Amino acid sequence: MKPIYVAIVGLNHYFGSRIFKPGQFLRLVKDFENDYDGEAIVALLDPVGIVGYVANSVHTVPLGCYSAGRAYDTFGTTTYAVVRFVTKDVVIAEIIDKIQIEIYIEEGMSTSNEIEE
């Protein structure tokens with residue numbers, strides 16, 4: 001499947017672009033209660049919260065990116081994206097189809113909830 005890129009905009013209404021780094025995971029959630037845009041998709045950075053919205057205007061969608069309206073039907077209520085590029089005003093993220101997470105436990109670390117004395 002061809003990669004789907006979206007632009008996260010409105011950063012200055014939240015935390016700005018300084019909190020973003022390439023490789024971070026964003027949660028994209030359809031905003032059903034948005035009075036201004038019926039295809040609004042909010043971008044969340046856990047545990048920070050809302051960090052912006054997926055661009056949905058011909059004036060804000062960069063060349064090569066999907067608008068929120070175009071990406072809206074590619075997933076259910078929630079999907080994830082990985083940050084690829086960060087500029088002063090826009091974050092470009094790639095919607096990911098599947099997430100695989102590897103967890104490494106260092107030798108000597110406790111893997112249970114027991115408190116060592």
Side-chain angles (χ1 to χ4, degrees):
M1 184 173 151
K2 183 177 146 184
I4 297 174
Y5 295 99
V6 293
I8 309 301
V9 296
L11 309 177
N12 292 331
H13 296 287
Y14 301 96
F15 301 96
S17 63
R18 288 184 284 161
I19 64 168
F20 294 99
K21 303 269 184 283
Q24 285 177 317
F25 289 99
L26 300 175
R27 188 163 38 109
L28 304 180
V29 180
K30 292 179 179 177
D31 187 356
F32 298 114
E33 297 183 17
N34 190 304
D35 294 332
Y36 302 101
D37 185 355
E39 299 170 321
I41 301 172
V42 66
L44 297 114
L45 178 63
D46 293 321
V48 175
I50 297 175
V51 291
Y53 277 82
V54 174
N56 203 23
S57 163
V58 295
H59 303 291
T60 58
V61 178
L63 186 64
C65 289
Y66 278 41
S67 65
R70 202 166 153 211
Y72 200 82
D73 293 331
T74 64
F75 64 94
T77 303
T78 302
T79 192
Y80 291 87
V82 62
V83 173
R84 296 296 185 203
F85 306 99
V86 180
T87 70
K88 180 182 175 192
D89 301 321
V90 178
V91 169
I92 306 294
E94 179 183 354
I95 294 178
I96 49 180
D97 195 24
K98 296 177 183 169
I99 298 177
Q100 181 176 351
I101 299 173
E102 293 184 22
I103 299 173
Y104 297 95
I105 300 173
E106 290 184 26
E107 192 173 322
M109 290 182 65
S110 175
T111 58
S112 66
N113 291 332
E114 296 176 13
I115 299 174
E116 296 180 18
E117 294 185 37

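Remember, predicted model here, so these are calculated numbers, not experimental data.
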Exercise. Find out if a path of hydrophobic residues (ILVMFWY) with successive side-chain heavy-atom gaps under 4.5 Å connects Tyr5 to Val83.
Key: no
Exercise. Working to the nearest 0.5 Å, report the span between CG of Asn12 and NZ of Lys88.
Key: 8.0 Å
Quiz item: For the hydrophobic clusters of this structure (ILVMFWY residues joined by side-chain heavy atoms under 4.5 Å, transitively), does one cluster hold both Leu26 and Tyr14?
Solution: yes
Practice problem: To the nearest 0.5 angstrom, please state how far the CD1 atom of Ile4 sits from the OG1 atom of Thr79. | Solution: 8.5 Å
Practice problem: Quick one: pull up CD1 in Ile19 and CD in Gln24 and give me the separation to the nearest 0.5 Å. | Solution: 7.0 Å
Practice problem: Please round to the nearest 0.5 Å and tell me the distance separating atom CZ of Phe85 and atom CD1 of Ile8. | Solution: 14.0 Å
Exercise. Check the pair Tyr66, Val54 against side-chain contact (heavy atoms from CB on, under 4.5 Å), reporting the backbone distance first and the verdict last.
Key: CA-CA 9 Å; Tyr66 278 41; Val54 174; over 6 Å; no
Self-check item: ILVMFWY network linking Leu11 to Val42, side-chain heavy atoms under 4.5 angstrom
Solution: yes
Exercise. Look at the side-chain heavy atoms of Ile, Leu, Val, Met, Phe, Trp and Tyr, link any pair under 4.5 Å apart, and say whether Ile95 and Val51 land in one connected group.
Key: yes
Quiz item: Are Val86 and Ile50 connected, step by step, through hydrophobic side chains (Ile, Leu, Val, Met, Phe, Trp, Tyr) whose heavy atoms are closer than 4.5 Å?
Solution: yes
Exercise. Drop me the distance from Thr78's OG1 to Leu44's CG, to the nearest 0.5 angstrom.
Key: 9.0 Å
Exercise. Taking Lys30 for its side chain and Phe75 for its backbone only, find out whether a donor-acceptor pair lies under 3.5 Å.
Key: yes
Quiz item: Between Cys65 and Val61, what is the shortest heavy-atom contact and its length?
Solution: O-CG1, 3.5 Å
Quiz item: Going through the distances and angles, do Leu28 and Val6 end up as a side-chain contact (heavy atoms from CB on, under 4.5 Å)?
Solution: CA-CA 10 Å; Leu28 304 180; Val6 293; 4.3 Å; yes
Quiz item: So how far is it from Phe20 CZ to Ile92 CD1, rounded to the nearest 0.5 Å?
Solution: 11.5 Å
Quiz prompt | Inter- and intrachain pairs under side-chain hydrogen bond (donor to acceptor under 3.5 Å, both in side chains), touching residues 35-55, at least two apart | solution = Arg27-Asp46, Asp31-Tyr53, Asp37-Asn56
